[in-house]
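Here the structure is a predicted model, which is why all the values come from computation and not from measurement. Because only heavy atoms are used, hydrogens play no part in the values below, and waters and symmetry mates are left out as well, while side chains stay in. Numbers restart at 1 for each chain; the letters A, B, ... are given by sequence-line order, proteins then strands.
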Amino acid sequence: MNIRTQLDTIITQALANAGADNAPAVVKTSARPEFGDYQANGIMGAAKKLKMNPRELATKVVADLELNNEITELVESFEIAGPGFINIHLKNTWLAERIEQTLKSDNLAIAKTNKPETVVIDYSAPNLAKEMHVGHLRSTIIGDSISRVLELLGHKVIRQNHVGDWGTQFGMLLTYMSELKQESSELNSELEVQLADLEKFYQAAKIRFDEDETFAAQARENVVKLQAGDVEFLKLWQQFIDTSLNHCDEIYQILNVKLTRDDVAPESQYNDDLANVIIDLDKTGLLSENQGAQCVFLDEFKGKEDSIIPMIVQKSDGGYLYATTDLAALRYRHNQLGMTRGLYLVDARQSLHLKQVYVVGKKAGFVPESTSLEHMAFGTMMGKDGTPFKTRSGGTVKLIDLLNEAKLRAFDLVTSKNPDLDEESRRSIANTVGIGAVKYADLSKNRTSDYIFNWDTMLSFEGNTAPYLQYAYARIQSIFRKAGDINNNAEISLLEPAERLLATKLLQFSEAVEIVAKDGTPNFLCNYLFELSGNFMSFYEACPIMKADEVTKQSRLKLAKLTANTLKTGLDLLGIDVMERM
RNA sequence: GCGCUGGUAGCUCAGAUGGAUAGAGUACCUGGCUACGAACCAGGGGGUCGGGGGUUCGAUUCCUCCCCAGCGCGCCA
C-alpha cells in the first residue's frame, strides 16, 4: 500500500472514532515543505457536518492518532495548522528503512491489485487505406503506456488494434492496384514501388477516381465484388492489407510499442456477425425502422426540440455501419475475450458515437451493466494558428517523417556533445533520445481537448523532456562505473534536505502508477518522473557522492541506485528506453 | 438551434476527490564547468486562472448566465 493511502485509511478511521462517520481524511502531499510531507484536508469538512470547531476536532483526531502504533511507526509528528489542517511529518528512520525494502524488492515494491480485471484496450486503430499520420500518435502511445501500467499491476490486458480494413475506399485502391498490375508485367515491380508509399498511392488512386468516370464506375463495381467474396479481389485486398500492416509494424517497432500482428482485430473480422447483431437487436425490441433504415432510438439521446438522435445500425440499402461493427466488437470482447473493463483510446469527436454504442450494448445485453466501458478521449491536432493541422500542400504529416526528423535532430545533438563516440553508438543513442522526446512530448499532456502540434516543442531535448529523465539515469550509471558496487550492509541516513526530499519522492512512485491505472493518464507518471529527476539533480549538486566519507557515500549510492531503478521502470511504463551513456 | 470539450505567465502546458503564498518548461535577466557528465544546477522578473453572479470558513476546481475557440448532432468511418 502506498503511503498516501496508508495515512488516508488510518486518519479516516480516526475521524470516525472522533464521531465523524463517512468523512474522508483527504490526505495529499503537502503543498509546501514547511507543512510537512503530507497533509490531511478533510477535518474542516467533517467539522462542518458535525457543527464542531475544526481545530477542536483536529485536536481529538491527533490525540487518537498519537495512541495508534500503526501510524506513529512512520510519523514523527502531527501538527494542527491554519483553519484545521493536520500536517504530517514522516520519520527519517522509517523513510530510510522503506527505501531499503524497496531496493530489495522486485518491481519496486509495487503491490499487485487485489481485484484483477480483464481489460480490453482498444488503441492505435489506423485506417489501412492510408499511411499512419501524426494524429495516430496519441492513441498509439497513450494506449500502449496504459496497457503496460495495467499489466504491471497484475491485470489481464488484451490489446485490440481495431484497424480499418474495409469499406468503399478499398474499391478505389484495388482498382488502381489491378491497373498497375496489368501495366507492369515484370514481377509487379511498379506496384511494389508505389505501395512503398501508401500516402502517394492513395492520392494517385484518388486522382484516377476523380478524373476518370470509367475508373470510378469500375471502383464502385469492385467494392461489390470484394464484399461478395470475389476470390481475385480478396487476394488483391489481402496483399494491400499485408503491405499496409507492414508499414504499421515498422512504426510500432520504431516507437517501441508492444502491438503485434496478434493484436490486430480488424473491422472485417466482424463482417459475418453484423447480420446477427441486427437480428439480436430486433429480438430485444430496441430496433425500429425509420425511412427504410434500421435504427435504435433511446431517451438518453435527445437532440433539438426533444427529438431523439437515432443510432442507425443498418442503412436503407441494407449496408452496415461503423456502429454495427462496434456493437459486434463489443459483444465479441465480452463473450470471447472475457472483458470486464473496456478502454477506448479514440478521438474525442467520436464521444457521442461511443456513448451510443455503450448504452445500446448494455441495453441489448451484449455486455453486462457491470462492465466498465471508458472512452479515453483526446482532441484534434491543431496547427500554430489554431486551425486543424495540415502541411503546406494540405495533407497531414506522416508519422514516419516526424520520427525520422526526431532521430536526425537527436543525432546532430549527440554528435556535438560526444564527437568522439563511434557513429553506431551515436545513432543508437540518437534513436533512443529522439523517439523518447517525441513520445514524452505527447504523453506528458492531458488534453482531452485540441492540442497544438509544434515541431520544436515536440523535438526539444531540454527542460521537461524525456532526455532530461534519460540524462539523470545516464549520470547515475556514470557514477556506478566509477564507484563500483554498493555495500549492501550499509545504512541509509537522510541528513541533508536534498537527501530527504529525494527519498520521499522515491517512495511515491506507486501513487503515480495507480492514478494512471485508474484514470488512464500517463501524464501523471511523466510529471512524477520529472519531479523525481529534478529532486535527483538537486541532490546530485548538493550531496557529493564520490568525495564523501565511506558511510555517507554508501548511503547516497543507495539513493542513486533506487533512483535509477525507478527511472528505468517508470520510463519503461511510458515505453521509453534509457541508456548507460548519452 | 441543441450537445460535448476546452479558455491558467509572451509561448507550450501541469494543476485527481474544493484548501494555506496557483506551478513547470521555454523565452528573457544574474550567477555556477580544473568538479560524481552544463542535455545540468542556484536565483530573478513575468498571472484580475475568459467575464459576471452564486454556494462556503475557503473556489482555477462546484452551480448559473454570458463571451470566445474546436468538434459533434438519421443512413461516412
Side-chain angles (χ1 to χ4, degrees), chain A residues 24 26 28 30-32 34-35 39 41-42 44-45 47-48 54 81-85 127 164 166-169 267 290-295 297 301-317 319 321-323 325-326 347-353 355 377 379-380 382 384 386-388 413-414 417-418 433 441 444-452 454 456-458 460-465 467-468 470-472 474-476 478-483 515 518-519 521 523-524 526-527 530-531 534 537-538 540-548 553 556 560 581-582:
Chain A
V26 195
K28 298 186 175 185
S30 289
R32 311 165 64 77
E34 60 265 36
F35 298 151
Q39 59 183 62
N41 296 340
M44 281 88 78
K48 187 190 285 183
F85 298 100
N127 177 357
W166 204 246
T168 48
Q169 51 198 335
E267 283 180 333
N290 198 287
Q291 295 167 35
Q294 297 298 327
C295 310
F297 289 91
F301 303 103
K302 294 216 166 140
K304 47 190 164 188
E305 291 154 15
D306 275 2
S307 68
I308 297 171
I309 301 168
M311 181 169 87
I312 300 179
V313 288
Q314 189 172 22
K315 297 191 278 187
S316 48
D317 69 2
L321 295 132
Y322 196 33
T325 312
D326 268 347
D347 192 299
R349 280 173 290 191
Q350 294 187 26
S351 72
L352 175 62
H353 160 75
K355 221 180 278 177
T380 316
M382 311 293 267
K384 253 183 181 164
T387 62
L413 184 65
V414 176
K417 302 256 182 204
N418 290 304
V433 168
S444 59
K445 293 172 179 50
N446 181 27
R447 287 272 146 178
T448 49
S449 68
D450 307 335
Y451 71 109
I452 296 186
N454 181 299
D456 291 330
T457 6
M458 207 133 213
S460 160
F461 304 129
E462 278 167 22
N464 189 357
T465 63
Y468 179 82
Q470 292 167 325
Y471 185 60
R475 274 181 150 183
I476 298 171
S478 175
I479 293 172
F480 279 104
R481 277 195 294 276
K482 288 171 179 143
I515 290 173
K518 183 162 82 64
D519 299 332
T521 48
N523 65 306
F524 274 91
C526 291
N527 189 47
F530 177 64
E531 284 175 1
M537 295 292 195
S538 303
Y540 181 90
E541 299 282 336
C543 305
I545 295 175
M546 302 302 287
K547 275 190 242 159
K553 177 180 167 185
R556 289 176 179 170
R581 58 185 94 224
M582 62 189 276

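- With a 4.5 Å cut-off on side-chain heavy atoms, A:R581 and A:N418 do not count as touching.
- For the pair A:S351 and B:rG72, the criterion of a side-chain N or O lying under 4.0 Å from OP1 or OP2 is not met.
- For the P atoms, the distance from B:rG45 to B:rU30 is 15 Å, rounded to whole Å.
- With C1' as the reference atom, B:rC49 and B:rU61 are 10 Å apart, rounded to whole Å.
- When the P atom is compared between B:rA77 and B:rU12, the two are found 36 Å apart, to the nearest whole Å.
- Across all strands shown, nothing is found opposite B:rA39 as a Watson-Crick or G-U wobble partner with both distances under 3.5 Å.
- Atom-to-atom, CD of A:Q39 to P of B:rG18 comes out at 14 Å; the value is rounded to the nearest Å.
- Among the atoms of the strands shown, base atoms are found under 4.0 Å from some heavy atom of A:I545.
- The nearest whole Å value for the distance from the CE atom in A:M44 to the P atom in B:rU17 is 15 Å.
- The CE-C1' distance, from A:M582 to B:rA39, rounds to 5 Å in whole Å.
- Using a 4.5 Å cut-off on side-chain heavy atoms (C-beta onward), A:Y540 and A:I479 make contact.
- Across A:I312 and A:A323, no two heavy atoms sit closer than the pair O-CB, 3.9 Å.
- Both A:D347 and A:E267 lie close to RNA chain B; mapped to their nearest nucleotides by heavy-atom distance, the more 5′-ward contact belongs to A:D347.
- Contacts of A:T457 with the nucleic acid, taken as non-hydrogen atoms under 4.0 Å apart, involve only primed sugar atoms and P, OP1 or OP2.
- With B:rC71, B:rA38, B:rA24 as the choices, the nucleotide that has an atom nearest any side-chain atom of A:Y540 turns out to be B:rA38.
- Going from the C1' atom of B:rA59 to that of B:rG15 covers 14 Å, rounded to whole Å.
- One atom, CG of A:N418, and another, C1' of B:rA38, lie 13 Å apart when rounded to the nearest Å.
- Distances shown here put a side-chain N or O of A:S478 below 4.0 Å from the OP1 or OP2 atom of B:rG37.
- You'll find the side chain of A:C526 stays beyond 4.5 Å of the side chain of A:K445, heavy atoms only.
- Inter-residue side-chain proximity for A:Q350 and A:Y322 is flagged as met; some heavy-atom pair is nearer than 4.5 Å.
- At the heavy-atom level, A:A483 lies nowhere under 4.0 Å from the strands shown.
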At a cut-off of 3.5 Å, list every protein nitrogen or oxygen paired with a nitrogen or oxygen from nucleotides 13-16 of chain B, distance to 0.1 Å.
{"unit_1": "B:rC13", "atom_1": "OP1", "unit_2": "A:I452", "atom_2": "N", "d": "2.8"}
{"unit_1": "B:rA14", "atom_1": "OP1", "unit_2": "A:N446", "atom_2": "N", "d": "2.7"}
{"unit_1": "B:rA14", "atom_1": "OP1", "unit_2": "A:R447", "atom_2": "N", "d": "3.2"}
{"unit_1": "B:rA14", "atom_1": "OP1", "unit_2": "A:R447", "atom_2": "NE", "d": "3.2"}
{"unit_1": "B:rA14", "atom_1": "OP2", "unit_2": "A:R447", "atom_2": "NE", "d": "2.6"}
{"unit_1": "B:rA14", "atom_1": "OP2", "unit_2": "A:R447", "atom_2": "NH2", "d": "2.6"}
{"unit_1": "B:rA14", "atom_1": "O3'", "unit_2": "A:N523", "atom_2": "ND2", "d": "3.4"}
{"unit_1": "B:rG15", "atom_1": "OP1", "unit_2": "A:N446", "atom_2": "ND2", "d": "3.3"}
{"unit_1": "B:rG15", "atom_1": "OP1", "unit_2": "A:N523", "atom_2": "ND2", "d": "2.9"}

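- Annotated as anti: B:rG15, whose glycosidic dihedral deviates from 0 by more than 90°.
- Taking only side-chain atoms of A:N41, from C-beta outward, the nucleotide of B:rA77, B:rA39, B:rG19 with the closest atom is B:rG19.
- Taking atom CG of residue A:L352 and atom P of nucleotide B:rG72, one finds them 11 Å apart after rounding to whole Å.
- Here B:rC76 sits opposite no nucleotide as a Watson-Crick or G-U wobble pair (both hydrogen-bonding atom distances under 3.5 Å).
- Residue A:Q294 is classed as having no contact, given no heavy-atom separation below 4.0 Å to the nucleic acid.
- Contact annotation for A:S538: backbone-only contact, meaning every heavy-atom pair under 4.0 Å involves sugar-phosphate atoms and none involves a base.
- Side chain of A:P83, nearest nucleotide from B:rG19, B:rG25, B:rA39: B:rG19.
- For A:F530, the ring-ring contact (aromatic ring centres under 6.0 Å, His included) partners are A:Y468, not counting sequence neighbours.
- A distance of 8.0 Å separates CD in A:Q39 from NZ in A:K28, rounded to the nearest 0.5 Å.
- At a threshold of 4.0 angstrom between heavy atoms, the contacts of A:F35 include nucleobase atoms, whether or not backbone atoms are also involved.
- Distance A:I309 CD1 to B:rC4 P: 11 Å, rounded to the nearest Å.
- In this structure, A:I476 reaches neither bases nor backbone, as no heavy-atom distance under 4.0 Å exists between it and the strands shown.
- Under the Watson-Crick or G-U wobble criterion, with both distances below 3.5 Å, B:rC11 is paired with B:rG25.
- Residue A:M311 contributes atom CE, which lies 14 Å from atom P of B:rC73 at whole-angstrom precision.
- Here the nucleotide nearest the side chain of A:R581, chosen from B:rG58, B:rG37, B:rG25, is B:rG37.
- Proximity of A:Y468 to the phosphate of B:rA38: no side-chain N or O atom is located under 4.0 Å from OP1 or OP2.
- In terms of phosphate contacts, A:K482 brings a side-chain nitrogen or oxygen within less than 4.0 Å of OP1 or OP2 of B:rG37.
- Comparing B:rC28 with B:rA69, their C1' atoms sit 29 Å apart, to the nearest whole Å.
- The listed nucleotides are B:rA39, B:rU21, B:rC41; the one nearest the side chain of A:E462 is B:rA39.
- Contacts of A:Q314 with the nucleic acid, taken as non-hydrogen atoms under 4.0 Å apart, are absent.
- Listed nucleotides B:rG72, B:rG37, B:rA39 differ in distance to A:L413; the shortest reach to its side chain belongs to B:rA39.
- To the nearest whole angstrom, the two C1' atoms, one in B:rG23 and one in B:rU8, are 10 Å apart.
- In terms of phosphate contacts, A:Y471 brings a side-chain nitrogen or oxygen within less than 4.0 Å of OP1 or OP2 of B:rA39.
- As rounded to the nearest Å, B:rA16 and B:rG54 have P atoms that lie 26 Å from one another.
- Remark: C1' of B:rC4 and CZ of A:F301 are 12 Å apart, rounded to the nearest angstrom.
- If you check every strand for non-hydrogen atoms under 4.0 Å, A:A348 touches nothing.
- To the nearest 0.5 Å, atoms OG (A:S30) and CG (A:N41) are separated by 8.5 Å.
- Between the CG atom of A:N290 and the CZ atom of A:F297 there is a distance of 4.0 Å, given to the nearest 0.5 Å.
- When each of B:rC57, B:rC40, B:rA77 is scored by its nearest atom to the side-chain atoms of A:R475, the top-ranked nucleotide is B:rC40.
- Across all strands shown, nothing is found opposite B:rA59 as a Watson-Crick or G-U wobble partner with both distances under 3.5 Å.
- Pair assignment for B:rC4: B:rG70, on the basis of Watson-Crick or G-U wobble contacts that are both within less than 3.5 Å.
- Judged by Watson-Crick or G-U wobble contacts below 3.5 Å, the nucleotide B:rG47 has no partner.
- Within the 4.5 Å cutoff, the side chain of A:K417 has no heavy atoms near those of the A:M582 side chain.
- Nucleotides B:rA35 and B:rA24 have their P atoms positioned 31 Å apart, rounded to a whole Å.
- Using N1 to N3 plus N6-O4 or O6-N4 for Watson-Crick, or N1-O2 and O6-N3 for G-U wobble, each under 3.5 Å, B:rA20 pairs with nothing.
- Residue A:Q350 is in base contact, counting any heavy-atom pair closer than 4.0 Å across all strands shown.
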